[in-house]
Amino acid sequence: MNLCKLFLFLFLVIATQLFSQKLYPIIENEKYFSLIDISGKKVKGPFELVDECFYNDCSQGFGDYDLRTFDPYLKFKENNKIGIVNRQGEVVVRPINDTISDFGYSKKFYCVVSDKGMYGILDSGSTWRIEAKYKKLATSFQYANNESRLFFTCCIDSAWGLLDKDGKQIVPFIYDAPIERFGYTELWLLKKNGNFGLCNNKGVLVQDTIYSNILFKDDNGHYGVVETFDNRKGYITQEGKMFFGPRSSLMGRIVKRNMFDFFKGEYKIGLLDSAGKQIVPPVYDYMESLGDGVIVKQKNKWGMLNKNAKLLIPCLYDKISKVTEGKDDHIVYFIVEQKELYGVYNMKGKLIISVKYNEIGYRYIDGKFDFKLGNKCGIVNSKGVEIIKPQHDLIVNILNNSYIYTNNDKYGLGSFTDLPNTKKKMYDDVSKITTTKEVFHVRIDHKSGLIDSVGKTLLEPEYSYIKSIDDSYLWSRVYSEKIDSAYAKTLPMDYLQIEKDGKFAIYSVSKKWISNFDYEEMDYYKEGLLEVKKNGKKLLLDSDGKDVRNKSMFADDSYFEYKKDYWIVERKGKCGIIKRTGETVLPFDYDSISKLQRTYDRRLFGFVYKEGKTGIVNEHGELVVSPSDNKFFNNYINGAGAISYNGRIYAYFNNKGELIWKENKENYKSFRAPEFLLLL
């Protein structure tokens, strides 16, 4: 019994795949299109073309047709009436309409159609959801994955109303303008006789049309604002319920969530909660959001309220500034200024660094601040302890275990574990180098050296320059794709490029010298390999400085592109593809080979060029389409891709690179430049 169920299940899966097979449109005789399957066999058609089904691009001096291959539906014409066919070749809307404009998708398919100048809605079963009897029907109707949220705004005799997915009237036809969604809510904005109101999805008025304006206040999607004709304002919830106001025009700002400022007396400002209850009396001259709290001003002095509207920092200061950290820049401290002296508060409202310094810098790290007292600078921690006394001209940078400073125009490196009066060597410049360990680039008399975090010399300053070598490709992914920090720590950040007398060497902070000064050029690591040039020849080095190329394959080669284990190589004017092991994947028969690139389904592919003809190689460097006059391959995904130019499809090929259809005309041979392929 179970075996029978399994066979039935497999049969249904296979049948579903067969019957839901995606077909691909081709243009025939400039007037008709047909649909072919993955083998290139014509399955459906011909269908007469419709103007809206393609576009004319005259910028190249001639018109080309672009069937909208991204859409699951295509329009066609029959007896001057328009219908719709899906990508399985099924007629989903019979040709009974003068025009078909917007498509809408929920679980089913909807389209706006016109018949004899009147508009309606048809579904994918050619059923009239809304009969074509409206003079106007808003083309920006609500798209929804859930049909219960599908609505259409329509017009009769210049009056607008709202219909649901079945054409049932939700809002009567009595309004002046198209009925639109109100922000991100489940409400609809109404306009009548110049006044605004709101209704819900059931057509029930939640705010009558009595307001001069209704705005959606995008404060994390919580509030809307209504304005009366006498300039009073009030706030409404996402359900349209009035929970505050309308009150005086002097009230109107959402200072924080559930906090609203209001004026009283001589324009003094206080705070109300969402129920209209006073939570802060009107004693302040100004209020503004700052982080989780509210910065306030009283008698020209600044203070701070916390997120619960309780006084965090008293109004004693001339200025309050925030100190942030992390990728999200969350606030960790506040720097306050009083009579040109500075101090620091923590997030609990405690003064942790006394207001006594002439400056407190923003070179904050791990609870440490640089400060200036008189004419000298030092470092103070979050407990108010001066861990570095004011003895330097400037604190340039604060790190985990050390800091960079200047004295008498010279740079030094200090450690937080140094004993008092420890004498340090001074340099013309000191800067942190990005490696896995805390090391520093130093300069003396235009020569570069290397020291560690306690100032110990690793390399004497006798080199032209020193800089880090990192995997720039992977680091760009760390920032652009937000790869987690654990992954970032695995990147090769331990290597330095050292230049001396125009030659380059590789130095590792942990392994010391990786190479001698043998190289004329040196590039960034890419996918674990370093590209260098020695005696005019390009080499590929691994993290141990060893050339990973197969010498017999690369002896006279000019290397120019690689991707993981597959390398594109030029040898004596001809190009091929080899593996890192030296095995030839693609022979050296081609004039050029494009770099391998990824398709949308994450596979690699590239183009090969030979005698003016183009072919395709797959992610393994294997030839899947032999060079031919089909010059305009570009990309393919899960089934078939197209060869196109200027919007016109001239051929299809499957995911093995085999041509499954090719237009008889040969005019595409002379086209000038490839266009990104239409994905089907």
**OP:** Determine, stepwise, if the pair E239 / E186 fulfils side chain to side chain contact (heavy atoms under 4.5 Å, CB included).
**Re:** CA-CA 7 Å; E239 293 74 32; E186 295 293 316; over 6 Å; no

Subject >> Exercise: identify the closest heavy-atom pair between E48 and F33 >> reply: O-CE2, 4.2 Å

Original post:
Does the distance from a Lys or Arg side-chain N to an Asp or Glu carboxylate O, for K574 and D589, drop under 4.0 Å?
Top reply: no

Subject >> Steps toward side chain to side chain contact (heavy atoms under 4.5 Å, CB included) verdict (L190, L198) >> reply: CA-CA 6 Å; L190 311 172; L198 293 170; 6.0 Å; no

Subject >> L189 and F196: CA distance, side-chain angles, deciding distance, side chain to side chain contact (heavy atoms under 4.5 Å, CB included) verdict >> reply: CA-CA 7 Å; L189 184 63; F196 290 90; 4.1 Å; yes

Subject >> F173: partners by ring-ring contact (aromatic ring centres under 6.0 Å, His included), with sequence neighbours left out >> reply: Y134

Original post:
Roughly how far apart are D176 CG and K191 NZ, rounded to 0.5 Å?
Top reply: 7.0 Å

Original post:
Between P95 and F76, is any pair of side-chain heavy atoms under 4.5 Å apart?
Top reply: yes

Subject >> Nearest atoms (heavy-atom pairs only) where N201 meets R181 >> reply: OD1-NH1, 3.1 Å

Original post:
ring-ring contact (aromatic ring centres under 6.0 Å, His included) with F182: which residues, sequence neighbours excluded?
Top reply: F216

Subject >> Inter-residue atom distance C199.SG - L205.CG, 0.5 Å rounding >> reply: 6.5 Å

**OP:** Would you confirm whether N79, through its side chain, and K81, through its main-chain N or O, come within 3.5 Å as a donor-acceptor pair?
**Re:** no

Original post:
Do L162 and Y175 pass the side chain to side chain contact (heavy atoms under 4.5 Å, CB included) test, and can you show the C-alpha distance, the side-chain angles, and the key distance before you say yes or no?
Top reply: CA-CA 10 Å; L162 189 69; Y175 295 100; over 6 Å; no

Subject >> T185 side chain to L187 backbone, donor-acceptor under 3.5 Å >> reply: yes

Original post:
Of all residues at least two apart in sequence or in a different chain, which pass the side chain to side chain donor-acceptor pair (under 3.5 Å) check with N195?
Top reply: none

Subject >> Shortest non-hydrogen contact between I170 and K202, atoms and distance >> reply: CG2-C, 3.7 Å

Original post:
Residues two or more places apart in sequence or in another chain: which of them pass side chain to side chain donor-acceptor pair (under 3.5 Å) with Y211?
Top reply: Q207

Subject >> Contact check, side chains of V226 and M242, non-hydrogen atoms, under 4.5 Å >> reply: yes

Original post:
Which heavy-atom pair separates S592 from C575 by the least distance, and what is that distance?
Top reply: CA-SG, 3.8 Å

Original post:
If you draw the axis of the six-membered ring of Y590, does the NZ or CZ of K610 fall within 45° of it and under 6.0 Å from the ring centre?
Top reply: yes

**OP:** Determine the sole option in I578, V608, V569 for which the side-chain contact (heavy atoms from CB on, under 4.5 Å) test with L586 is passed.
**Re:** V608

Subject >> Heavy-atom pair with the smallest gap, counting every atom of D591 and E611 >> reply: OD2-N, 2.7 Å

**OP:** Please round to the nearest 0.5 Å and tell me the distance separating atom CD1 of I577 and atom CZ of F588.
**Re:** 9.5 Å

Subject >> For I82 against K75, the heavy-atom pair lying closest together >> reply: CG2-CB, 4.3 Å

Original post:
Could you give all pairs that pass the salt bridge (Lys or Arg N to Asp or Glu O under 4.0 Å) test and reach residues 154-163, with sequence neighbours left out?
Top reply: K135-D157

Subject >> Flag side-chain contact, heavy atom, 4.5 Å: V85 against E90 >> reply: no

Original post:
Less than 4.5 Å apart, any side-chain heavy atom of V171 and any of I179?
Top reply: yes

**OP:** Decide yes or no for F47 and L35: does some side-chain heavy atom of the first lie under 4.5 Å from some side-chain heavy atom of the second?
**Re:** yes

Hey, can you pull the donor-acceptor pairs under 3.5 Å for the side chains in residues 39-46, sequence neighbours left out?
from: S39; atom 1: OG; to: D37; atom 2: OD1; distance (Å): 2.6
from: S39; atom 1: OG; to: D37; atom 2: OD2; distance (Å): 3.4
from: K42; atom 1: NZ; to: E28; atom 2: OE1; distance (Å): 3.4
from: K42; atom 1: NZ; to: E28; atom 2: OE2; distance (Å): 3.0

